[in-house]
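Since the structure comes first, as C-alpha cells, the remarks are kept for the end.
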Number of protein chains: 2
Amino acid sequence: MSEMESRFTEHRLTPQRRLVLQIFLENRDRHLSAEELYNLSREKEKEIGIATIYRTLELLEELGLLRKVNFGDGRSRYELIQMDLSEHHHHHLLCLSCNRIIEVEEDLLHQLEDTIEQKHHFSIVNHNLQFFGYCKSCQKNRQPND
Amino acid sequence: MSEMESRFTEHRLTPQRRLVLQIFLENRDRHLSAEELYNLSREKEKEIGIATIYRTLELLEELGLLRKVNFGDGRSRYELIQMDLSEHHHHHLLCLSCNRIIEVEEDLLHQLEDTIEQKHHFSIVNHNLQFFGYCKSCQKNRQPND
DNA sequence: ATATGTGCAAAGGTTTTGCAGGGCC
DNA sequence: GGCCCTGCAAAACCTTTGCACATAT
C-alpha cells in the first residue's frame, strides 16, 4: 500500500479514504460505482457517507489511483489504475447477455494511434476501447435469435 | 428519407418523430442530446415535449436509425447511423481542450477483433473507440503546461 | 488555531413514468 | 372503439453542494 499512501502528501489518508482503497484492492476485477462502494462499506460495518464516497472517488482520480469508466449504465464506475507499464493497454469486453465485463490486455492500437496523430494532427493522450458482444458462456446458452 | 420511413411499419411516423429525424439529418456532424433536440425543435417553432423526445430517441435507437453514444458529459447523445458498409468503422476524437468531437473513418481494428474473438471466445457485435487528446487548433494555442 | 475532512440534508441535473387527452386505423 | 402517441407534471435516479461539526497538524 505504501506506493499508494505516498501519494497522500497534501491530502490526509483518512479511515474513509483508506477503506475505499481497500475495497478496490479486494475487488480488483470489478468496476465499482459509488453506490456499490457505499453498500460494501456498510457490509464491513464501517459505513461511509455517500457524499464522502463521491468526494473520495474524485480525489483518488485526481491522485491518479483510480480511473473513471463509463459503461453506459447511467452511473460512473471506477477501476484501480495498475501501476505497471502495460496500464495503457487495456480494453473492456461487455457481454450484452450477462452484462459481465471482461478485461483484455491486447493492444494493437499503437499503429492506429500513429495514423490518426499524423492524419488529423491530433495529439492523443489516452483512449477508451469497448467491445460489445457475447461472452463464451453466453454463446453456449444462447437461443438462436437472442 | 424513404429508407428511413420504411422502418416505421409497426410504429407511426408522426410529425414529432419526423422532426427529430429531420434535425438529425440537418446536423449530421453533431451528436445531439435530448435537451439540444428540444431546443432545436423550439427554434423551428415546432416544440416537442421533452418526454416525447426521450421516447422518440429510444424508439429510433430500437429501429436502428440512431446510436446512443456516451461522451462522459453526463447526458446521452445520439448520432445517425450511416447506412453504408463503412458504418462499423468509425471512431471519435475528443479534444480535452475545446471539447470538440471529431469523427474518424480509419479502421485497423479488424486484426484486433480477430485476436480477441479467438483468444477470449468472445463474439464481437460492435465496438466503441474514443481517443482523448488535443486537436490541431488547440495544440497551436495551448500554453506549454496546459 | 487553522486547514482539511465528514455527514446530513437539500438542491441540481438528467431521465423515466403515470395519466389524461388526442389522433389514427 | 381500440390502439398508439403526446404533453404535462411528478417521480426517480445519480451526483453535487452548503453547512455545521469533527479531526488532524
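To find a chain, count down the sequence lines: A is the first, B the second, and so on, and within it residues start at 1. In this text, all values refer to a predicted model and were calculated from it rather than measured experimentally.
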Which nucleotides of nucleotides 20-25 of chain D have their base under 4.0 Å from a protein heavy atom (B), which only their sugar-phosphate (S), and which neither (-), written as one string 5' to 3'?
-> ---BB-
Which residues satisfy the ring-ring contact (aromatic ring centres under 6.0 Å, His included) test with Y54(B), sequence neighbours excluded?
-> none
Given atom CZ of F8(A) and atom C1' of dG5(C), what is their separation to the nearest angstrom?
-> 12 Å
Residue list, salt bridge (charged side-chain N to carboxylate O under 4.0 Å, His left out) with E35(B), at least two apart or on another chain = R75(B)
E117(A): salt bridge (charged side-chain N to carboxylate O under 4.0 Å, His left out) partners, not counting sequence neighbours | none
Phosphate-side-chain proximity, Y54(B) and dT16(C), N/O vs OP1/OP2 below 4.0 Å | no
In whole angstrom, what separates L13(B)'s CG from dC25(C)'s P?
-> 12 Å
Nucleotide nearest R17(A) when distance is taken to its side chain, options dC5(D), dT6(C), dT16(C) = dT6(C)
Mind telling me whether H91(A) and H127(A) have parallel, tilted or perpendicular rings, with 30° and 60° as the class edges?
-> tilted
Taking DNA chain D as the partner, which of residues 32-53 of chain B come within under 4.0 angstrom of it by heavy atom?
-> E47(B), I48(B), G49(B), A51(B), T52(B)
Separation of dT17(D) atom P from R55(A) atom CZ, nearest Å, is 10 Å
Which residues pass the salt bridge (charged side-chain N to carboxylate O under 4.0 Å, His left out) test with K68(A), sequence neighbours left out?
-> none
Neighbours of DNA chain C within residues 70-78 of chain A, by heavy-atom distance under 4.0 Å | none
Does any donor atom in the side chain of H90(B) or E103(B) lie under 3.5 Å from an acceptor atom in the other side chain?
-> yes
Check ring-ring contact (aromatic ring centres under 6.0 Å, His included) between H31(B) and all other residues, then give those that pass, not counting sequence neighbours.
-> F71(B), H92(B)
Sequence neighbours excluded - salt bridge (charged side-chain N to carboxylate O under 4.0 Å, His left out) pairs with any residue from residues 122-133 of chain B | none
Which pairs with one or both residues in residues 43-53 of chain A pass salt bridge (charged side-chain N to carboxylate O under 4.0 Å, His left out), sequence neighbours excluded?
-> E26(A)-K44(A), R42(A)-E47(A)
Listed by chain and number, what are the salt bridge (charged side-chain N to carboxylate O under 4.0 Å, His left out) partners of D73(A), not counting sequence neighbours?
-> R77(A)
E62(A) CD to dT4(C) P, in whole Å, measures 13 Å
Which salt bridge (charged side-chain N to carboxylate O under 4.0 Å, His left out) pairs, counting each pair once, include a residue from residues 119-132 of chain B, with sequence neighbours left out?
-> E106(A)-K119(B)
Between H11(B) (NE2) and dC25(C) (C1'), how many Å, whole number?
-> 16 Å
